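Encoded as structure tokens, the structure appears first; notes follow it.
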Amino acid sequence: MSSLDPVVLFFILGALAGLARSDLRLPSAIYEFVTMLLLLAIGLKGGVELSRQPLSELAPQMLAVVAMGLLLPLLAYPVLYYIGRLQRADAASIAAHYGSVSVGTYAVVVAYLGSRSIVYEEYMPVFVVLLEMPAIVVGIVLARGWAASHQWRHLAREMFLGKGVVLLSGGLLIGWIAGVDGVQPIGPLFFDLFKGILALFLLEMGLITVSQLGGLRRSGVFLVTFAVVFPLVAATLGGALGWLLGLSAGGTIVLATLAASASYIAVPAAMRMSVPEANPSLSLAAALGVTFPFNIIVGIPLYHSVVARIHATGT
Amino acid sequence: MSSLDPVVLFFILGALAGLARSDLRLPSAIYEFVTMLLLLAIGLKGGVELSRQPLSELAPQMLAVVAMGLLLPLLAYPVLYYIGRLQRADAASIAAHYGSVSVGTYAVVVAYLGSRSIVYEEYMPVFVVLLEMPAIVVGIVLARGWAASHQWRHLAREMFLGKGVVLLSGGLLIGWIAGVDGVQPIGPLFFDLFKGILALFLLEMGLITVSQLGGLRRSGVFLVTFAVVFPLVAATLGGALGWLLGLSAGGTIVLATLAASASYIAVPAAMRMSVPEANPSLSLAAALGVTFPFNIIVGIPLYHSVVARIHATGT
Amino acid sequence: MSSLDPVVLFFILGALAGLARSDLRLPSAIYEFVTMLLLLAIGLKGGVELSRQPLSELAPQMLAVVAMGLLLPLLAYPVLYYIGRLQRADAASIAAHYGSVSVGTYAVVVAYLGSRSIVYEEYMPVFVVLLEMPAIVVGIVLARGWAASHQWRHLAREMFLGKGVVLLSGGLLIGWIAGVDGVQPIGPLFFDLFKGILALFLLEMGLITVSQLGGLRRSGVFLVTFAVVFPLVAATLGGALGWLLGLSAGGTIVLATLAASASYIAVPAAMRMSVPEANPSLSLAAALGVTFPFNIIVGIPLYHSVVARIHATGT
Amino acid sequence: MQTETRKLLTVICEAQLESHVIADLERLGARGYTVTDARGKGGRGVRNAGWDRSANVRIEIVCDDKTANALAAHLRDHYYDHYAMILFISDVEVLRAGKF
Amino acid sequence: MQTETRKLLTVICEAQLESHVIADLERLGARGYTVTDARGKGGRGVRNAGWDRSANVRIEIVCDDKTANALAAHLRDHYYDHYAMILFISDVEVLRAGKF
Amino acid sequence: MQTETRKLLTVICEAQLESHVIADLERLGARGYTVTDARGKGGRGVRNAGWDRSANVRIEIVCDDKTANALAAHLRDHYYDHYAMILFISDVEVLRAGKF
Ligand SMILES: Nc1ncnc2c1ncn2[C@@H]1O[C@H](COP(=O)(O)O)[C@@H](O)[C@H]1O
Ligand SMILES: Nc1ncnc2c1ncn2[C@@H]1O[C@H](COP(=O)(O)O)[C@@H](O)[C@H]1O
Ligand SMILES: Nc1ncnc2c1ncn2[C@@H]1O[C@H](COP(=O)(O)O)[C@@H](O)[C@H]1O
Ligand code: NA
Ligand code: NA
Ligand code: NA
């Protein structure tokens, strides 16, 4: 039990309370507040790191990561459509969720590495921002074909102006401009409280996860299997990419986790407006009901142990 | 004036603003947030302490404290029913409130001891959790007789799954599992901010207390007297028990204060569903309108001075 | 760009998100929470400082500052009424806004001085409290004549019991009573988080500012000009007063900024009830849409450079 | 436009009852409901709260005549005596008759 | 089921008026009211707020015909000129006629 | 008191549609609207949220008969198929006929 990070215990507390039908809930204004703080904090941290090194050095890595974001939904779609026999819109929408990333999962992996003092490339939030979107574009093309392209301007709005993306990339820019000294005075709120805020977030995520279980029961065995197996495949790809790019062990774990995670902030909103005929409860049930808890409880320690073994042999 | 803890000044500010009919209010989402933080923080602190010592050593103390929680409402009920001539349901419900404990009062006594550097047994939150419930059970039996026992399963849900109890005991468990090192990264939110959060909580409590004064006027002299005198009796019992159990001076003050305090989180909710014919404004007016301010302004310093005198002679 | 304080970058982020029509918003409960924290923190800081020195020494300065608060709206009114040709009620209401002060602008100037390690008289929050009200009284007399005096009792309630004033002056009193040691335990919430909380506040202010631009377009060139030029005049007066009172360079900058700022918390509420025929969107568009961003982006650095030059020659 | 007449039942009650009332509604045949948070005053005094203690909720149900009457009677019989609650019924026109 | 017809008066106005309007309603004989927070747009522009500056409230009163008319007339006379406010009245059926 | 009859159109839908629906309403001639946050359950399951993902809004529009029908038809045609949404229409009396 002690192998679990204490913040994950808050997730479990939330899940147990939800299963027992407690009336516990974070007020929605507080859940929004907590989410905003996490997004800003992650962005700020990445931005500060960016201000320390030339962007040009990162360009190749960034391109490779975007390529991964385009590839993952293309891998997921045929599985969902041909094997899972889901409707085209549903398959495309779920593929988009799994091609994109979960900020909450990112926060947990960072907390996990932090409490084990494992270093990682601190500019990783750049990858989080970059991975938010490509999968959305792929998902829409999969659902609608290129004919959807006359909507691109409208779609770009939905993608870039959703509050999740604005806060994450806004934090990134502010951190970049202000630099390490500039953000220091706001550090007590955004950095010192980070783990406590994450604990509250995970408490609510536990409750939300449980509330998705109903949708899961209806969606059947295939989706549950997909929601466990696809992350493992994606993590392998992400880990391999991290290795190819020469990332540290910590950075490789983060990239594997990002690949394995499924979005539940930017993508659901964009898909709802762009592919409305996709049933949102399928993708949320899979992403929130299975993949999120799987990643934070089983996945991250697993990716860690695999990467550790490879890096050990590597050196 | 300087004998008042600064957090209590926030209570007074709230009360004055309420009396003057200012439009000041904590938004309800914020009040809920602040309450959740207090409950989790208290639980976490107690849990960490529990992880430091064998539970078995505490078992006798825990039993004694539960016995006190069963005894207090049995003392209160006849006073309320025979002397106060209240309806049976009302007498039982008020007895349950006074047999249980107030988490806000606990937070204030802890802050009070902290600013005077008086040590106390840090596992006290365990007693807070233990004292929440027995009085509820006694109250229901007093109102309904044993016939109510077919409802026990339903009742247990109301009691154990109310959000107050879930957060308090959830925090306790997390603190216990994670231990002192485990909770350290979430300390800035839950421990460093504790007193500031308590100040905000007390600001709102001041406003709430004043809003109960109307109910108080209707409920008359008896209830006001009860709401001052019974806590004194209960504090004497609690203090005596602390002394018998060999607690430190600080621990004795805390136990006296817990005994003297009246619940306004777990009990009102449970009574509302289990003894609906009891008028909730009577018990809230007494607990919030009189006993809470009495304890934090007059009671705690009083219990402190009495315990200090006894401990001085004792040694 | 790096000359901008990082907290101001949050304002710009909010403004850009608003211009781009992002769905970003602070939940209203959070905006209220953040505002309450700022008001209490500012009050507490000033109160602690007051507890360090005899009030009698400050009395002359306080009188002079109140006189400034009475003078500024009397200067603004004729400009608005005769040159701007606004309705009498509108001219009086806008004059009241500009005679009073903006707590948000105060917080920004204090953050600005802090990150440049420029000292200032820390009892300045007393002036913030004092400057809130005189302009309201003048504004009402301008709108209604002395005949309005039968309403004074009612009006005093609106002024003194508005939550903004209660929190600011309540914080001041608590800080005064508790002193520097007393507030230390609540410091992590109210002082350490101050800049981070200010950043969130400014994010929302950016969004609010942009939402006022519509009102601005309707109100025309005169009002926009007034909202830039009058602050410059007022800042000159405030700076001159600071110089006369022998304030430090930092204190002079703060007083100039206070004079230049326009209220959007206490005054709008009081005016709405006392001079309802004044159109609130005119004064808010000017104060929030122009003067607030002008002061925090252009004004404060400008007042700083002028004061620095004068103090340099002065010494 | 083709519309049909249905009943709109509005229930205002103390927040703590929300889950109980909703369970009752679903059991008695309501196919949907909408809840908003509210505060107010009535025979049992002012209700405007925090920590749920004394806030209200406002529950609306669109349904047919018979269901509305059954729901109203049930709520009256089970909650009126001991809880803060009022309800009222009005006529509304809806587009999809089969849905309600 | 035995029901009686009453009036439901719905007032939507700027949030700052809440306490004033409620005091008026009680003075003019309303025995209860329900308030929810709202936002919106009307002749006086968009109202969606924070720190109360420009939010709305939605106040509902169930009462008899005469009271509804008196309340509506009073509100119109005192607030329509200078404040953001609309009101409308509809028929509702209630169970306890004596209560409203 | 002189009153006129108008229609009250109430739309309950998923929160993410708010800005889209409001844009539609304004384009089709509504002169005002009022929005409150809500949660609920219907054919598309429970909706009670955080981070907006599954919360509802409740939008009210007072308008004349023709506008109400036009709005209702438009909303039905554009949103009923793929989104959580219901709407209903009732009669209300208003004081200022010209306003609505
Ligand atoms: N006449 C009324 N008009 C509108 N709402 C009412 C009325 N009476 C009661 N209410 C609402 O119903 C709740 C419970 O009413 P009661 O049971 O009378 O205390 C109150 O808190 C109000 O929100
Ligand atoms: N036609 C309408 N339908 C629904 N609500 C309205 C309408 N007109 C105004 N409102 C509401 O009433 C408030 C005040 O209206 P007004 O005084 O016209 O600005 C607005 O902010 C809206 O919330
Ligand atoms: N019969 C009903 N009565 C009241 N509200 C309803 C009803 N059916 C649906 N709703 C509301 O409308 C929303 C969307 O409905 P639906 O499209 O059926 O899922 C639900 O989430 C409820 O808030
Ligand atoms: Na992914
Ligand atoms: Na007790
Ligand atoms: Na000014």
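In the text below, chain A, chain B and the rest are named by the order of the sequence lines, each starting its count at 1. This structure is a prediction, so every number in the text was calculated from the model and none was measured.
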A/F11 versus A/P293: any side-chain heavy-atom pair under 4.5 Å? yes

Please examine the side chains of A/V109 and A/Y120, heavy atoms only from C-beta on, and report whether any two atoms are closer than 4.5 Å. no

Quiz question: by atom type and distance under 3.5 Å, do the side chains of B/S263 and B/E132 form a donor-acceptor pair? no

Region of [X] that comes under 4.5 Å of a non-hydrogen atom in chain B:
{"X": "A/F10", "value": "both"}
{"X": "A/L16", "value": "neither"}
{"X": "A/L200", "value": "side chain"}

Plane angle bin for A/Y264 and A/F201 - parallel if under 30°, tilted between 30 and 60°, otherwise perpendicular: parallel

Interface moiety of B/L173 toward chain A, non-hydrogen atoms closer than 4.5 Å: neither

Taking it one step at a time, do B/D5 and B/S115 satisfy side chain to side chain donor-acceptor pair (under 3.5 Å)? CA-CA 8 Å; B/D5 207 272; B/S115 42; 2.6 Å; yes

Selection from B/L40, B/I186, B/D192 maximising heavy-atom pairs under 4.5 Å formed with chain A: B/I186

